[in-house]
Amino acid sequence: MIDRLARGLHDGRGLRALVVGVGDLARMTRMLHGLAPTSAWVFAEALAGAALLAALQKDEERINLQLECAGPLRGLFVDADSRGNLRGYVRGAAVHVPGEPAAAAVAALGGGGFLSVLRARIDGTFYRSSVELQREPLVGGLRRWFSASEQVETALALEVLPRDAEPLGEVAGLLVQRLPGGDAAAVVEARDAIAAGAFGEALAAGAPALGLIEAVAGPGFELLAEQEVAYRCGCGIDRVRNAVTALGADGLADLVATVGRAEVDCEFCHAHYVLEADELRELERRMRAAGPAPGG
Ligand SMILES: [Zn+2]
């Protein structure tokens, strides 16, 4: 499936479905962060899951999917918004566990830790909910997160399938939810179809978005809208300026005297920012001219 997010609706049964492909994105981030095979595989799943979670939010809202785990992968983080922009990183970038990829991923995650989802609204308020990780794939933790945190019955699938020599040949996620008054049995049927491998088979066969949804949740869906998904980092030199401003005027003077410059690497896109001494002195001058901050 190409990198897109599609939304489907089944009026008769009262269901909504989301399906997303993030194969290009997963292969690109593997290169960007230099991920070893198992790290890349787990991160691919996380990207698909985060894209689905973000698509459930309203305009301008964003989500952070965070995993802290006991295994060698240690953790990962994905920041995603409702417009299809994703970015993230893996703590243990060099993890490779030989053997079948899905089993290797479970070993890399280990048997403990937590999975948390932070939902940030545009007004600055946020809401976080977490579940403890068991010895399970990431999709297992996310399913338990859905049943613990959402009031809506959900069927969830995440798939990473090889294509020829490419281990991240197809990376996709699918979610089916019951709308108010919708058919409760339909979500159970979708879960059973996922457990029986219907999503993976349809994905491997090259089914388009509607075909993937209907392979899991049955016929009769209408495709509503498609949306681009892409790896985009919103970092920039202004954020670095804001970060060094937090040191205060005296802290900036100290930095100029000792290091002579400020260097910051973005953990999401590896952009490298440098503020030279002249600019740091100018920031310091402006801060002193503005006077002490309120209360300090
Ligand atoms: Zn960046």
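Between the side chain of Ser39 and the backbone N or O of Ala93 there is at least one donor-acceptor pair closer than 3.5 Å. Side-chain atoms of His10 never come within 3.5 Å of backbone atoms of Ala17 as a donor-acceptor pair (strictly under, hydrogens ignored). Here the side chain of Asp183 pairs a donor or acceptor atom with the backbone of Ala185 at under 3.5 angstrom. Judged by distance alone, with hydrogens and angles left aside, the side-chain atoms of Gln57 form a donor-acceptor pair with the main-chain N or O of Leu53 at under 3.5 Å. A donor-acceptor pair under 3.5 Å links the side-chain atoms of Trp145 to the main chain of Ser129, judged by distance alone. At least one donor-acceptor pair under 3.5 Å links the side chain of Arg27 to the backbone N or O of Leu168. A donor-acceptor distance shorter than 3.5 angstrom exists from the side chain of Gln227 to the backbone of Ser82, with no hydrogens or angles considered. Remark: the backbone N or O of Gly84 is paired with a side-chain donor or acceptor of Asp81 at under 3.5 angstrom. At least one donor-acceptor pair closer than 3.5 Å links the side chain of Glu61 to the backbone N or O of Lys58. Side-chain N or O atoms of Glu132 include none that pairs as donor or acceptor with a backbone N or O of Gly112 at under 3.5 Å.
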Begin from the C-alpha positions of Glu170 and Met1 and carry the test side chain to side chain contact (heavy atoms under 4.5 Å, CB included) through to its verdict.
CA-CA 7 Å; Glu170 295 283 351; Met1 183 187 182; 4.2 Å; yes
Take Val19 and Phe199, measure what side chain to side chain contact (heavy atoms under 4.5 Å, CB included) needs, and give me the verdict at the end.
CA-CA 10 Å; Val19 62; Phe199 184 55; 4.3 Å; yes
Pair Phe126-Asn64, side chain to side chain contact (heavy atoms under 4.5 Å, CB included): steps then yes or no
CA-CA 10 Å; Phe126 61 87; Asn64 290 167; over 6 Å; no
Please step through side chain to side chain contact (heavy atoms under 4.5 Å, CB included) for the pair Gln177 and Leu56, ending with a clear verdict.
CA-CA 10 Å; Gln177 283 187 331; Leu56 290 172; 3.7 Å; yes
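The two residues Ala50 and Ile63 make their nearest non-hydrogen contact at O-CD1, 3.8 Å. Across Ala26 and Val171, no two heavy atoms sit closer than the pair CB-CG2, 4.0 Å. Residues Arg191 and Ala155 approach most closely at CG-CB, 3.6 Å, considering heavy atoms. Closest of all the heavy-atom pairs between Leu179 and Leu9 is CD1-CD1, 3.5 Å. Across all non-hydrogen atoms, the minimal contact from Ala148 to Val131 is CB-CG1, 4.0 Å. Contact between Leu32 and Phe268 at its shortest, heavy atoms only, is CD2-O, 3.4 Å.
When each of Arg286, Arg281, Arg288 is checked for a salt bridge (charged side-chain N to carboxylate O under 4.0 Å, His left out) with Glu284, only Arg288 meets the rule. Results of the salt bridge (charged side-chain N to carboxylate O under 4.0 Å, His left out) test with Glu150 over Arg119, Arg178, Arg144 single out Arg119 as the only residue that passes.
With rounding to the nearest 0.5 angstrom, the CG atom of Asp79 is 9.5 Å from the OH atom of Tyr89. A distance of 6.0 Å separates CD1 of Ile194 from CZ of Arg143, quoted to the nearest 0.5 Å. Taking CG of Asp3 as the start and CG of Asp24 as the end, the distance is 4.5 Å to the nearest 0.5 Å. Here Leu25 contributes atom CG and Arg87 contributes atom CZ; the two are 13.5 Å apart, rounded to the nearest 0.5 Å. Between the CG atom of Leu67 and the CG atom of Leu115 there is a distance of 5.0 Å, given to the nearest 0.5 Å. Taken from CG in Leu142 to CG in Leu65, the straight-line distance is 6.0 Å, to the nearest 0.5 Å.
The residues Arg121 and Asp123 are annotated as not salt-bridged, no charged nitrogen and carboxylate oxygen being separated by less than 4.0 angstrom. Under 4.0 Å is where a charged nitrogen must lie from a carboxylate oxygen, and between Glu68 and Arg91 at least one such pair does.
A heavy-atom distance below 4.5 Å is not found between the side chains of Leu73 and Phe43. Taking the side chain as every heavy atom from C-beta outward, Leu252 and Met287 approach each other to under 4.5 Å. When side chains are defined from C-beta on, Pro101 does not count as touching Pro167, because their heavy atoms never get closer than 4.5 Å.
Under the 4.5 Å side-chain heavy-atom criterion for grouping Ile, Leu, Val, Met, Phe, Trp and Tyr, Phe77 is connected to Val22 within one hydrophobic cluster. Cluster membership check: Val139 does not share its hydrophobic cluster with Val176, using side-chain heavy-atom separations under 4.5 Å among Ile, Leu, Val, Met, Phe, Trp and Tyr. Tracing side-chain contacts under 4.5 Å through hydrophobic residues (I, L, V, M, F, W, Y), one never reaches Leu161 starting from Leu158; they form parts of separate clusters. Residues Tyr231 and Val42 share a single hydrophobic cluster, defined by chaining ILVMFWY side chains whose heavy atoms lie under 4.5 Å apart. Val259 and Leu275 fall within the same hydrophobic cluster, where Ile, Leu, Val, Met, Phe, Trp and Tyr residues are linked whenever their side-chain heavy atoms come under 4.5 Å apart, directly or through other members.
Counting non-hydrogen atoms of neighbouring residues, nucleotides and ligands closer than 6.0 angstrom, the CD atom of Glu276 exceeds 12 such neighbours.
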